[in-house]
Structure formats: C-alpha cells, structure tokens
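To start, the structure under review is shown below, and the notes come after it.
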Amino acid sequence: MAELSKTYDPPGVEQRWYRYWLQERYFHADENAPGPRFSIVIPPPNITGSLTMGHVLNNTLQDILVRYHRMRGEVTLWMPGTDHAGIATQNVVERSLAAEGISRHQLGREQFLRRVWAWRERYGRTILEQLQRLGCSCDWERERFTMDDGLSRAVREVFVRLYEKGLVYRGHRIIHWCPRCLTALSDEEAIVTEGGEAGSLWHIRYPGEDGGPGVVVATTRPETMLGDTGVAVHPADDRYRGLVGKRVILPLVDRRIPVVADTVVDPEFGTGAVKVPPARDANDFEIAQRHGLPPLCVIDPEGRINENGGAYAGLDRVEARRRIVADLEQRGLLVRTELYRVPVRRCQRCDTVIEPYLSDQWFVRMAPLARPGIEAVRSGKLRLIPERWTGVYLNWLENIRDWCISRQLWWGHRIPVWYCGDCGAQTVARTDPDRCAHCGSARIAQDPDVLDTWFSSWLWPFSTMGWPDQTPTLRRFYPTDVLITGADIIFFWVARMVMAGYEFLGECPFRTVYFNAIVRDLQGRKMSKSLGNSPDPLEVIDAYGADALRFTVVALAPPGEDLRFAPEKTELGRNFANKIWNAARFALRLGADSPGLPEDSELSLPDRWILSRLQRVIGETRAALENFRFQEAAMGLYRFLWHEFCDWYVEFSKLALYGEDRKAAQAARATLLFALDRLMRLLHPFMPFLTEEIWQALPIAKPARSVMIAPYPEPESEWNDPEAEAIVGRWVELVRAVRNLRSELGIPPAAQIRVRIAPARDAGGVELVEPYLRALARVSAVERLPDGRQPVGEPFGTVEGVGEVYMPLQGVADVAEVRARIERDLKKVAAQLRATEAKLGRQDFLEKAPPDVVEKERLRAAQLGGRRDALTRHLQSLSGGA
RNA sequence: AGGCACGUAGCCCAGUGGGAGAGCGCUUCCUUGACGCGGAAGAGGACGGCGGUUCGAUCCCGCCCGUGCCUACCA
C-alpha cells in the first residue's frame, strides 16, 4: 500500500496475502497447542466439477466462523476435502467418454477407473484453487478425499462392524432401480416429482374364472399387469365380498390369479380393486408376502419386458404400455381411461423414471441407529438452526427405513464381501481374504458392487481425523463444534453423520448444525452444476474481488431463507470494499508516525462519540456471530463503517485535522487509526484480504504479525460515552435539518447562509455546534435565540431533542414554494397530533398501557402541538409578509 | 393429502406489541483537498385478504388466497 490508488485493486492483494498466510502456516491447527479449540469439517464438495455460488456462500460462512474463532485465540481446525461422489462422478465421466464415442463397458472396469482418477486429479485441483481464491483458511495440510486409503479403511471397518452386529444384511427386496444408470438407489435418491406427472388411470376388467364379470382394477402402469399374481380388495368392501378367495383371469396372458382381501386397499380410490404385481411395486410386494402371492419379474435391468412377458418380451416399458393398452381396448377389456396426475420418481442423477425392481441388495438396518439421533435433538445436545428443521429431521428419523447401500457401479468403495464358489457362504473381512472363512476354499470372488457414496460421507467428521485409530487429532478435535451445510442434504448426510457419530464414537459429531440459504438465480431456480445456471465464482472474483463476493453473499443471505444472486449484485461488496479502502487512504495520508490515543480530556466530542459507538458495534457484531446471524453482523458493520464512520466521523474529524490545534489534530488522527484498527479486525472474517492489506499499513502498535491472528475486538467500557453520543447525535440531526432546509428552499450549494437556533431545554451541547455547521452545511453564522423567542417569517426545521433551526429567506427562495412546504408539513403534523391526542383521550389506554408508554405519548403530543403552532404562525406571517 | 416457510417501497429483502427500514433503481443537485465503485437532499408503502386476542397489531392466534420447499404405500 505504498502508493495509494484511488480504487481498491484486489487481484495482487489477494494473491500476496494468501501466499503469506500459507507460508506462515496460520491455517494449520496444531493438536498439541494448548487452550480452547474450535473445529469444523467442510462439507466435502463433489469432484464432479467446479464449484457453484452455493459453495461460495457455504464456504464463506464457514470461513467467517473459523477466522472469528481463530482470532479469539482458539486452536482452530477447518478440515478440508472432497467427496468421490460415486454415481454422480461416474455419470459425468461416462458423459465425457461418450463425447469421444466410448462407453465404459468398452474400456473395462480397470481402465474406466483410471479415467475417473484422472478426472478427480483435475477437478480436485480446480475445487482447491477456487476455495483458496475465495480466501478459505482451511488446514490444507490435512486435505482429505473420501477414497483415500485411511478413509477407505474406515468405510470397511464400519461395514464389518455393522455386519457383525447384524445391522448390515443382504436382502431380496423391491428397490428403486434406474434403468439408465443400471443401479439400485436409496429412497432419498429417487426424487418424487412435485404434484405428480401427467398420466392416465386405466380401468381394466379382469374377467372371473367362472365366466362372471370378475373385477375392474385401476392402474397407472398397465404394463405391470404382466407381473400380476393377484388382485386385492378391502375386506369390508361389500362390492367384492363374494369375490375374495375366488380367482380372476389376467387378460392378455390368461393367468388365473386369486382375489385377496387386504386392509391397505383404499375402497374410495379408483374401483377399489388393486392389481398386485409383487415384483413391480413395493406395496404390492408386501401385500403379496402377506397372502403368499409369488413374485414374477417381468422387466430386465434396462427397463425392457423380459421373457416372462410372453408376446411383449423385448419391448421397452413405454412401448409395452402402449401396446398393452391397445390390445386391451381391442378386446373390450379397457373399461375407462381418465387423465390423472401420477406420482413418479426420477433418478436424482439422470432424471430417468425409476422402476421399482426386485433384486438382491445390501441394506443397513437403521432403526437402532436412529434412536440416539432422535434423542440428541430432543435433549438439546444437538441444535439445528433454523429451528424449523428439527421437525423435518425428527420426522425422518422416527419413520426411518432401511438404507439400500449397494450400487451396481464401478466408482466407489467395493463391498468387502466375498462369495464362496464352493459352499456359497459369505466372507466379510477387514482385509482382503484369500480363502472362504467357512470352508477354506480359495474359490472366492468379491462382490462386484460398490457402496453408496454417502456410506463414506457419513463417517466424514471422524474418518478425516484418522479413525479407527485413536489419533491425537481425533482426541483433540472430535467432536466438532459446528456443521454448516445446505438443508437439501439433511437426510443424505446430516442425520446419517449423527447416527454414525453415536454408533462408532459414542458422541454426536457436532453440537450445532447451521443450514445456510439456498442460492438461486433471478428466476428462482437453485444454482446447480446440472442446471448450469451458476456463474463461475472465479469469474465473479476476477471481476469484483474475493472480499466483495464474500461480503455480498453474506449480506444478501437472510438466515435460513433463499437468496437470489446475479453477478452484478456483487457491486454491493465491491463498492463497500472501495469505501473502506478510501477511508483508510484518508487516514494513512495524514502521516506515518504512530500516535496513541491521548487522555480523554484531549479528545473532541466527535472523537468520543465514534469511540463510544464503536464499542456498541463491537458488542453487536460479536453477539451476531455467536448466534450465527451472519447477515446481521455484516450489515451492522456496513452501516456503521459507511454511514457513521465515513459519513459523519471522517467529516467531523477534518475540522480538527485541518485546524490550528495540533493536539486536537493528533487526537483525531489517533482516533481514526484506533477505529480503523478495530474495524479491520471486526471485518476480517468477512473480508480477509482487504482488511489484511489495510491493517498491515496502519501506523499503529500491532499485537500480531497478521490481522488474522490479532485478537478479535472486545467492547472496552472505558470508551462508553453516552453524553458524547447524545450531543453528537444532536449535531447530526441539526446538520441534516439545515441541509434539508437549504435543499427545499433552493439555496445554491455554494451559498453561505446564516441560521438561528432556538434550542430545546434539554439540548445540551448545541452551543458547540457552530464550527461543525460551518464545515458541513456551509453556514456562515449561527445565532442562538434567547429562550422563548420565536422569529416570525423565517422558514425553520424542527429537530427532535434539539429545538428549532431558522433560516432567513434572504431573497433567494420562492415564497410560494416555502408556503407549500409548510402547508404539507402542517398537514402531516396535524394528523399525527390528532392520532396521539385521540389515544391520550381514551380511558382504557391511560389505565392499561404501561406508564412509560403513556408518558412517551404525552411528550410526543406536546412536541407535535408546539410544532403545529409554530408552523401555523409561520404560515400566517408569510401570508401577511408576502 | 399432510407439514414447514414466505407474502413489507418499482426490484431484491431486513425488522419490531406502541412514531414503517437498508441496498439497488428513480428524481434534483454537487468535479469542496479519502472515495463519482462518491457526496447531499428527495419521491415512493392500506407491512397479501378476512376475523380474533389486546388499551393498542405490520408484529401474537385462526381461517382464506398466492408462492416456494419438504414429507407420504393411495394403485
């Protein structure tokens, strides 16, 4: 900051200081360092691509907290890393291969995985660079990846432990199957379309075996009838009572299938009769199990009708549906077709319509794991912010279903299970076995499937710290303090981490979860990689600066709500950065020596005022940060720095700085520097680069080599000065009133004017305002009117708590305009007065309202009354005089 | 279907049981020695609708309308 450019220029500053911080290892958390600690793990970004604005907000908030706690002197760990993101990454790599005309099957598993690792190298680096450009103070010496050896060991340890406890099992069940990704999915990955999708409800007759009319079923997926092995009705449904136990004929395939009674059937829906294809629907599977109906699989993994589908074998599900409906219609068995909104689930990763599919998969029994997670929130040991998420969290845990963890993918942790070719038994092992644990056969083969990517993520808070080993890091930094993440992964990740934390370490992995805002575009769509509607954070940083971007997203993000972002909005932060820069520039050009704050007696009222105000802001900022009110903290600093420090204090200080009195000038400069020091520290977590650049340049005694390890300011009560706050507050209002009059009277900005002040009784300090009025409002002379004297024919303004300020017309104003203004004011005052008097006239108000409120209203009425009288007088005198 | 948020100035959003706010945009003016990424002064709002609680409601409660999100085995 040797030569002071007029505008703040981020790029060089950012690079220089980030390099310095790294070199000094300020980001590194030493587990051997004494004292209180603070730890937080990053929600590991997927390596599918570069970061979005959502990541910018999420990581900015984390960095704010981390830098705040570090400045408070805590040994602070921010654990960084990335997630292999199994299915998502496999898909993007497959897509990039497709662009070359290659499929993963052509490459083979080993070659394909090599390509994925290459991908991970590239995007892992990109993500790291983005976080660093943003200023994130992660402990990069500890960077982790979910497929690192250590983390993979944790995954295997967990699988084996759960297996040994009977909480991991292999089940033959209906799962969500993506016919495009060719893998099973968890319930959470099968996304329900809001409000359903356009479709039809087909009413189909299944004739009776006895030649009778049989039953009419209603279905939204007629092609599944090929797998029907029964029809279900409600036991209390009189329409079908005679049919229960009898059989009907499944059209097109001519299979005889029984009619059973089950209470899950809703007689009100459709025809009250449900076709039951056990292998094609999870509910039907359960009905079938209760009534001994055999499952019949009629679909292949790619969504085509298989050999069990008779004449329809080989057809794609969509085509099969079309043909079956046509055939039914032709045979007169299609009773009715109505338009209907059909609930449809789609693959989270490729949007393909999911098929319920009967297959062998691995599951985790979740109910036992959920209990401590429920208890943690109920007892308050774990706090969710905003609080409304606790209901969502509890509801999910209380109704939790088993978790399908096997995926028919290549990219991920292989399932540590080996099947014996001789005895058929399973061997589950922490280290790769070479023989069957049951019969000793060497003919064993590992399960080809991999684990759900979240099966490694749910261990993140401790697997990154070296678990299952009892490492010093784990002992020092687990459990973490806070998790900051998006509410969209509350089930995928947050709830499961809580469960894993309790199950494997007996402790909740964090005390507080803060859900940050969702970043949307101007149309309200969530910014995401798949939509491609997020600006590239690096481009925004290049255009506006990292501090500007950080500050802007925090300033725009209300707690727990969404935020609409567009790159141009970053002007807010850039302008603020520039404002701060110039305030510092102003202070720095006053001299290079280092004045300390003088005795209280040498400080001017404005000096004392800003120091006192500063203490309040320090307290408010700390309180806001403690309560995760990031926006409030940011905007509080914005307002104070811009609209109090710059707009008023800097202007007040010029009087002393450019004046004759050397001591007063030194006091003002010392005050400026003192305030800037505290402000740079307060603001550092939000705008790390700019604050470091300025702080380093301040000619003050520094408690540290970097602002990022300087103590975070604490309120110092010795500077509290209510008297100075009251007096200077009056001055501000007076200056405003004079400027206002000038503007309304059309007095040219350069013209000097005289004013007369009739101070209110309690307007202490007004007698000292003259020099400030001269400087800030171009007032050539201030006359103080004796008590009770009210000049006539002069426009005036009323300043609450100060009195009235009069301004002679001096022939420059348009009298008609002045009258119009007074009339307007009079109308407003009269209305307010009427309302207040009406209130005071009501008995119930006087009796029931608290005394201080009543007193306040009385005071107000008196003020308004005085003002009204004065305005009236002036109007009269103007009319007469003109 | 149920649940949860939100509905405040033209736009994006803060906020509080007793006098409606910031930012952007808009109008007028200002190249005064930190800053035009600036300064000064303004205009602009029945705080979604209807009831209720209260001396008093933009704020608390209920219902309704609108928007968004989440959950759900209604074929």
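Letters A, B, ... mirror the listed sequences (proteins, then strands); counts begin at 1. Keep in mind that what you see is a predicted model, and the values were worked out from it rather than measured.
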What is the nucleic acid contact for [X], judged by heavy atoms within less than 4.0 Å: base, sugar-phosphate only, or nothing?
{"X": "A/Asp281", "answer": "nothing"}
{"X": "A/Glu651", "answer": "base"}
{"X": "A/Val265", "answer": "base"}
{"X": "A/Val276", "answer": "nothing"}
{"X": "A/Arg778", "answer": "base"}
{"X": "A/Glu268", "answer": "nothing"}
{"X": "A/Arg739", "answer": "sugar-phosphate"}
{"X": "A/Ala583", "answer": "base"}
{"X": "A/Thr7", "answer": "base"}

Write down the distance between CD (A/Gln863) and P (B/G19), rounded to a whole number of angstrom. 14 Å
Determine whether a donor-acceptor pair (one donor, one acceptor, N or O, separation below 3.5 Å) exists between the side chain of A/Lys6 and the base of B/C35.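 Check fails, no donor-acceptor contact within cut-off.
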For a quick test of reading the model: is some side-chain N or O of [X] closer than 4.0 Å to OP1 or OP2 of [N]?
{"X": "A/Tyr340", "N": "B/A75", "result": "yes"}
{"X": "A/Tyr658", "N": "B/A34", "result": "yes"}
{"X": "A/Arg564", "N": "B/C12", "result": "no"}
{"X": "A/Lys654", "N": "B/U32", "result": "no"}

Do nucleotides 22-30 of chain B as a string where each nucleotide becomes B, S or -: B if the base has a protein heavy atom under 4.0 Å, S if just the sugar-phosphate does, - if no protein is that close. SS-----SS
Does A/Lys654 make a cation-pi contact with A/Phe586 (under 6.0 Å, within 45 degrees of the axis)? yes
[atom1]-based separation of [M] from [N] [nearest Å]:
{"N": "B/U28", "M": "B/C69", "atom1": "C1'", "result": "44 Å"}
{"N": "B/G56", "M": "B/G51", "atom1": "P", "result": "16 Å"}
{"N": "B/C61", "M": "B/U16", "atom1": "P", "result": "14 Å"}
{"N": "B/U58", "M": "B/G7", "atom1": "C1'", "result": "12 Å"}
{"N": "B/G19", "M": "B/G62", "atom1": "C1'", "result": "29 Å"}

Do the ring centers of A/Tyr514 and A/Phe630 come within less than 6.0 Å of each other?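 Under 6.0 Å, so yes.
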Tell me every residue that passes side chain to side chain contact (heavy atoms under 4.5 Å, CB included) with A/Pro356, counting only those two or more places apart in sequence or in another chain. A/Ile174, A/Arg221, A/Arg280
What residues, two or more places apart in sequence or in another chain, satisfy side chain to side chain contact (heavy atoms under 4.5 Å, CB included) together with A/Arg345? A/His176, A/Ala190, A/Val192, A/Ile354
Tell me which of A/Ala587 and A/Gly270 sits closer to the 5' end of RNA chain B, going by the nucleotide each one is nearest to. A/Ala587
Upstream residue (5' side of RNA chain B) when A/Ala577 and A/Ala555 are each assigned their closest nucleotide: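 Nearer the 5' end of the strand: A/Ala555.
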Please tabulate, one pair per line, each protein N/O and nucleotide N/O from nucleotides 68-72 of chain B that are separated by under 3.5 Å, including the distance.
residue: B/C70; atom: N4; partner: A/Glu194; partner atom: OE2; Å: 3.1

Stems in RNA chain B: runs of 3 or more consecutive Watson-Crick or G-U pairs, distances under 3.5 Å?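 In RNA chain B, stems of three or more pairs: B:1-7 with B:65-71, B:26-30 with B:38-42, B:48-52 with B:60-64.
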Partners of A/Phe285 by ring pair (Phe, Tyr, Trp, His ring centres under 6.0 Å), sequence neighbours excluded?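 A/Phe285: no ring pair (Phe, Tyr, Trp, His ring centres under 6.0 Å) contacts found.
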Results of ring pair (Phe, Tyr, Trp, His ring centres under 6.0 Å) for A/Tyr206 - residues two or more places apart only: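 Listed in chain order: nothing, the list is empty.
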Give every residue pair that meets the salt bridge (Lys or Arg N to Asp or Glu O under 4.0 Å) criterion with at least one member in residues 261-270 of chain A, sequence neighbours excluded. A/Asp262-A/Arg290
Partners passing salt bridge (charged side-chain N to carboxylate O under 4.0 Å, His left out) against [X] (at least two apart in sequence or in another chain):
{"X": "A/Lys569", "answer": "none"}
{"X": "A/Asp647", "answer": "none"}
{"X": "A/Arg173", "answer": "A/Asp402"}
{"X": "A/Asp488", "answer": "A/Lys526"}

Output, in order, the C-alpha distance, side-chain angles, deciding distance and verdict of salt bridge (Lys or Arg N to Asp or Glu O under 4.0 Å) for A/Arg639 and A/Glu644. CA-CA 7 Å; A/Arg639 214 166 313 221; A/Glu644 294 192 63; over 6 Å; no
With under 30° as parallel and over 60° as perpendicular, where do the rings of A/Phe551 and A/Tyr638 fit, or are they tilted in between?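 Aromatic pair A/Phe551/A/Tyr638 classed parallel.
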